[in-house]
Amino acid sequence: MAYIQFSPHPQVPTSEGPDGALVRSGRMEGQTIDDCIIVGAGPAGLTAAIYLARYHLSIRMFDSGTSRAGWIPMSHNHAGYPEGISGRDLLARMQEQAAKYGALREPKRVTELARTDGHFAVRCGDETFHARSVLLATGVVNRRPEGMEDGFHDEAMARGLIRYCPVCDGYEVTDKRVAVLGTGDHGTAEAQFLRGYTADLTLISPHGDHDLSDECSARLDAAGIARVAGPCSDFALDAGGIGFETGEGRMRFDSLYPALGSDIRSGLAVACGASVSEEGCILVDDHLETDVPGLFAAGDVVVGLDQISHAMGQAGVAATTIRNHLSEQRPLRR
Ligand SMILES: Cc1cc2nc3c(=O)[nH]c(=O)nc-3n(C[C@H](O)[C@H](O)[C@H](O)COP(=O)(O)OP(=O)(O)OC[C@H]3O[C@@H](n4cnc5c(N)ncnc54)[C@H](O)[C@@H]3O)c2cc1C
């Protein structure tokens with residue numbers, strides 16, 4: 001099987017984990033080559049860390065601290081939490097679980113990734129780390145409405161007045177008055193999806209008149225979805241809603257869903273030679289390996305459902321494949 005070649009495993013320091021197992025810390029200065037470096041500590045990266053640490057592999061996990069999960073005020077669709085769980089609580093629990101097996105989140109931003117001499121060089125500013133495999137779990141960033149201050153945006157999101165994920169929280173706007181900020185194919189698809197929750201739905205163009213094909217217009221008409229011209233400005237929150245100026249006067253809604261697309265954090269993959277889709281999502285095989293052997297990706301940065309459950313499932317598959325590939329090169333336990 002094609003996999004990156006590496007020299008015999010170097011001596012790395014070991015320490016006793018809480019369960020008495022030996023955990024290779026891989027924290028030696030110099031040329032230590034870890035089994036895997038995980039970039040990103042959202043649901044995908046943390047799941048991989050838990051799996052890989054429990055496979056007795058030496059890993060590091062770098063994270064720049066902007067997980068999309070950290071924005072979730074309360075998730076009600078993540079299985080196992082009947083009363084819901086906030087994104088921050090979920091991340092804290094996962095970090096605690098990973099740390100129990102010696103996998104610590106290191107607050108560093110990875111700035112460069114390259115494949116050299118049969119392994120990967122991972123650069124964080126002026127520090128360089130080496131690993132036999134790398135898992136990119138870097139996620140995506142939702143594009144925000146133009147002209148909205150960060151503080152206002154964050155408060156509106158915390159109160160469920162701005163929402164980004166109909167799959168996650170469409171249920172919470174059942175029969176409410178809802179606006180989708182977007183146009184074209186993407187805006188139409190999001191509005192149509194939300195039509196499954198409420199009939200009081202308005203698609204608002206982010207800039208002037210809508211840009212809709214005949215087919216989109218027909219679909220919106222068939223679903224009874226109103227259209228309003230933009231742009232939007234002068235946003236204000238009240239006790240249970242969000243109001244703003246549109247191209248057709250001031251309007252107020254119970255929730256606003258921006259459907260403005262996302263920026264995919266796949267730059268490291270591209271720099272390392274991995275292929276990405278037209279939208280910028282990292283392309284992977286069924287085992288989450290990119291077309292650069294030893295380079296894996298999981299979570300929102302890969303095409304998929306953009307859900308915690310999917311990120312976790314992909315990370316479990318990627319971590320197990322990494323483990324299996326490494327074990328083909330040498331016995332993992334000495
Ligand atoms: C408002 C909101 C509500 C949501 N609600 C739900 C819900 O109820 N249920 C659900 O299933 N999903 C929900 N989601 C979606 C969910 O948050 C994502 O699917 C999930 O967080 C994806 O996990 P991930 O690990 O792929 O990426 P992320 O959680 O985004 O984590 C990526 C991590 O990588 C780090 N990173 C990126 N680049 C670098 C770099 N160069 N160096 C170091 N670190 C880096 C980032 O800082 C970040 O911490 C919601 C999303 C939003 C925005």
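In each ligand, atom 1 is the first atom listed, and ligand 1 is the first ligand listed. Because the structure is a prediction, the values reported are computed rather than measured.
Residue S67 approaches ligand 1 through these ligand atoms, each under 4.0 Å from one of its heavy atoms: 28 (P), 29 (O), 30 (O), 31 (O), 48 (C), 49 (O). Taking every non-hydrogen atom of N142 and a distance limit under 4.0 Å, the qualifying atoms of ligand 1 come out as 53 (C). Atoms of ligand 1 found under 4.0 Å from any heavy atom of A137, numbered from 1 in the order shown, are 32 (C), 33 (C), 34 (O). Near F62, with a cut-off below 4.0 Å to any heavy atom, the atoms of ligand 1 are 43 (C), 44 (N). Which parts of ligand 1 touch G299 is read off a 4.0 Å heavy-atom cut-off, strictly below it: atoms 26 (O). Residue contact check: S75 has heavy atoms under 4.0 Å from atoms 7 (C), 8 (O), 9 (N) of ligand 1. Every atom of ligand 1 is numbered from 1 in the order shown, and the set under 4.0 Å from a heavy atom of V39 is 40 (C), 42 (N), 43 (C). Every atom of ligand 1 with a heavy atom of N77 under 4.0 Å away is listed here by number and element: 7 (C), 8 (O), 9 (N), 10 (C), 11 (O).
Residue R109 places a heavy atom less than 4.0 Å from ligand 1. The closest approach between a heavy atom of D169 and any atom of ligand 1 is not below 4.0 Å. Within the 4.0 Å heavy-atom cutoff, K108 counts among the residues contacting ligand 1.
A donor-acceptor pair shorter than 3.5 Å cannot be found between the side chains of D34 and T32. Side-chain N/O atoms of S255 and R163 include a donor and acceptor closer than 3.5 Å. Remark: the E248 side chain and the T246 side chain contain no N/O donor-acceptor pair separated by less than 3.5 Å. In the model, S275 has a side-chain atom that pairs as donor or acceptor with a side-chain atom of D291 under 3.5 Å. With 3.5 Å as the limit, one finds a donor-acceptor pair spanning the side chains of H153 and R144.
Residues L181 and L256 form a side-chain contact, since some pair of their non-hydrogen atoms from C-beta on lies under 4.5 Å apart. Side-chain contact between D200 and V178: absent, with no pair of heavy atoms (C-beta onward) separated by less than 4.5 Å. The closest side-chain heavy-atom distance from V284 to F296 is not below 4.5 Å.
From the protein, the heavy atom lying nearest to atom 49 (O) of ligand 1 is D63 OD1, 2.6 Å. Looking at atom 42 (N) of ligand 1, its nearest protein heavy atom turns out to be V110 N, 2.8 Å. Of the protein's heavy atoms, S64 OG, 3.1 Å lies nearest to atom 45 (C) of ligand 1. With hydrogens left out, the protein atom closest to atom 16 (C) of ligand 1 is I308 CG1, 4.0 Å, a heavy atom. Counting protein heavy atoms only, atom 25 (O) of ligand 1 is closest to A44 N, 2.9 Å. Shortest contact from atom 2 (C) of ligand 1 to any protein heavy atom: I72 CG1, 4.1 Å.
Residue-level proximity to ligand 1 for Q307 is carried by backbone and side chain together, each with a heavy atom below 4.0 angstrom. Of the heavy atoms in L268, only side-chain atoms (C-beta onward) come closer than 4.0 Å to ligand 1. Under 4.0 angstrom from ligand 1, the non-hydrogen atoms of D306 all belong to its backbone.
Atom 27 (O) of ligand 1 has its nearest heavy-atom neighbour, among P107, G139, A297, G70, in G139. Nearest-residue assignment for atom 12 (N) of ligand 1 (options C168, C124, A311; heavy-atom criterion): C168.
The environment of OH in Y171 is sparse: at most 12 heavy-atom neighbours from other residues, nucleotides or ligands sit within 6.0 Å. At most 12 non-hydrogen atoms from other residues, nucleotides or ligands lie less than 6.0 angstrom from CG of D214. Around the OH atom of Y51, the shell of radius 6.0 Å holds no more than 12 heavy atoms that belong to other residues, nucleotides or ligands.
The minimum heavy-atom distance between V292 and G273, with the atom names listed, is CG2-C, 3.7 Å. Closest approach of H186 and A259 over heavy atoms only: CD2-O, 3.1 Å.
Between M157 and ligand 1, a contact under 3.5 Å exists for no N or O pair.
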